[in-house]
Protein chains: 2
Amino acid sequence: MQKEHNLSKNQKIIFDLIDKSREPMKAYSILFNVQKKGIKAPLQVYRALDKLVEIGKIHKIESRNAFIACQNSSCQVSKATAFSICESCENVSEISNSKLSKYLSNFSDSSGMKYSKYNLEFFGLCKKCKSK
Amino acid sequence: MQKEHNLSKNQKIIFDLIDKSREPMKAYSILFNVQKKGIKAPLQVYRALDKLVEIGKIHKIESRNAFIACQNSSCQVSKATAFSICESCENVSEISNSKLSKYLSNFSDSSGMKYSKYNLEFFGLCKKCKSK
DNA sequence: TTATAAATGTTATATTATTACATACTGTTA
DNA sequence: TAACAGTATGTAATAATATAACATTTATAA
């Protein structure tokens, strides 16, 4: 199970904002949105984001420099993430597919490298955009 | 087969530099290295990088904002990329594993999304760093 | 309670990437 | 070859993303 983390004040403000958002949020858009709550500087945002990523409450979409709340109540998600990204509407969702995650978590090759984490991003067109 | 592209002057300068590098290169490090060749501005670098990525001669390592030359002579690689990244020495290499690429290229789920591209980044410790 | 780790606040700055606009080159085809 | 379209280049300015450095405060636990 995921360890229960007591979020600090800033962490909670920022997590709640991201969690409510239907789309990935960028750091400076987060900053803009929390300024009325007293969070004034980029570093305050980035520190909270770093922590939230570390404990798996949010994920960074690397190709977009944006953050979404974890959709997955199960454990280990911060070490094994997969997303689908629509290149037209930019909708992003977390893929929760146990076969996929099992396959990738168990992946090993001849390089002698020990993999402890992965991030996978699929790109394409979502149902809506496909039919346009 | 991969279409043969005649690289332009800037594209060639920048590709050659990246191709010779044993590690992923960042845009501004590339800029610094090609200034003696007359490429003076970030935009000149980014334009060449964009094109080189588009035609699959290089790949962007999203989690590192860095670029490496494609190690794969086969086609389609720019649409189906996988890398292993050592979190200690930051060594990055392209994974060429046909089972993995087949599995991911054929991946589909119930979302109704049509996937046309993916990027996968594995993290861990390489052989050398593991034994330290 | 005292020490330690974690979080916060603040200023400044570094790094990564794009906009906007003008010009030049390359290849095609009329 | 002239005209065109598409691609590439040059340049300046600026936007967007992220971190360094330092001082202080709060939470946790020994």
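Chain identifiers are assigned alphabetically (A, B, ...) following the order of the sequence lines, protein sequences preceding nucleic acid strands; residue numbering begins at 1 within each chain.
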TODO: Please state how far atom NZ in K37(B) lies from atom P in dG10(D), giving the value in whole angstrom units.
DONE: 14 Å
TODO: Whole angstrom is fine here: how far is it from CG in N65(B) over to P in dA14(C)?
DONE: 18 Å
TODO: For atom NZ of K130(A), decide whether the heavy atoms of other residues, nucleotides or ligands shown that lie under 6.0 angstrom number more than 12.
DONE: yes
Open item on the list: What's K60(B) touching, base or sugar-phosphate or nothing? Going by heavy atoms closer than 4.0 Å.
Closed with: sugar-phosphate
Open item on the list: Check this one for me: any side-chain N or O of S8(A) less than 4.0 Å away from OP1 or OP2 of dT26(D)?
Closed with: no
Open item on the list: Output the rounded distance in Å from CG (L49(A)) to P (dA7(C)).
Closed with: 13 Å
Task: Polar side-chain contact Y28(B)-dA14(C) base: donor and acceptor under 3.5 Å - done: no
Open item on the list: Starting the side chain at C-beta, find the nucleotide from dA20(C), dA21(D), dT8(C) nearest to L43(B).
Closed with: dA20(C)
TODO: Check whether the ring centres of F123(A) and Y118(B) lie less than 6.0 Å apart, and answer yes or no.
DONE: no
Open item on the list: Measuring to OP1 and OP2 of dT8(C), would you say a side-chain N or O of Q44(A) lies under 4.0 angstrom away?
Closed with: no
Task: Value in whole Å for how far the P atom of dA6(C) lies from CG of D50(A) - done: 14 Å
Task: Rounded distance in Å - CD (Q35(B)) to C1' (dT11(D)) - done: 14 Å
Task: Atom-to-atom span, CZ of R64(A) to P of dA17(C) - whole angstrom - done: 13 Å
Task: Side-chain donor-acceptor pair present, S8(A), N10(A), cut-off under 3.5 Å - done: no
Open item on the list: Let's see if you can work this out: which of dA7(C), dT10(C), dT17(D) has an atom nearest to the side-chain heavy atoms of K40(A)?
Closed with: dT10(C)
Open item on the list: Using OP1 and OP2 only, check whether a side-chain N or O of K9(B) sits under 4.0 Å from dA24(C).
Closed with: no
- [ ] Can you figure out which of dT8(C), dC21(C), dA8(D) approaches the side chain of R47(A) most closely?
- [x] dT8(C)
Task: Nucleotide nearest Y46(A) when distance is taken to its side chain, options dT9(D), dA18(D), dA20(D) - done: dA18(D)
TODO: Using whole Å, report how far CD of Q11(A) lies from C1' of dA27(D).
DONE: 12 Å
TODO: Quickly work out the L31(A) CG to dT11(C) P distance and round it to whole Å.
DONE: 14 Å
Task: OP1 or OP2 of dT17(D) under 4.0 Å from side-chain N/O of K26(A) - done: yes
- [ ] Ignoring backbone atoms, test whether K51(B) places a side-chain nitrogen or oxygen under 4.0 Å from the OP1 or OP2 oxygen of dT7(D).
- [x] no
Open item on the list: Check K12(B) with D16(B), please: is the shortest side-chain N to carboxylate O separation under 4.0 Å?
Closed with: yes
Task: E121(B) bridged to K117(A) by N-O distance under 4.0 Å - done: no
Task: Under-4.0 Å side-chain N/O to phosphate OP1/OP2 contact, N6(B) with dT7(D) - done: no
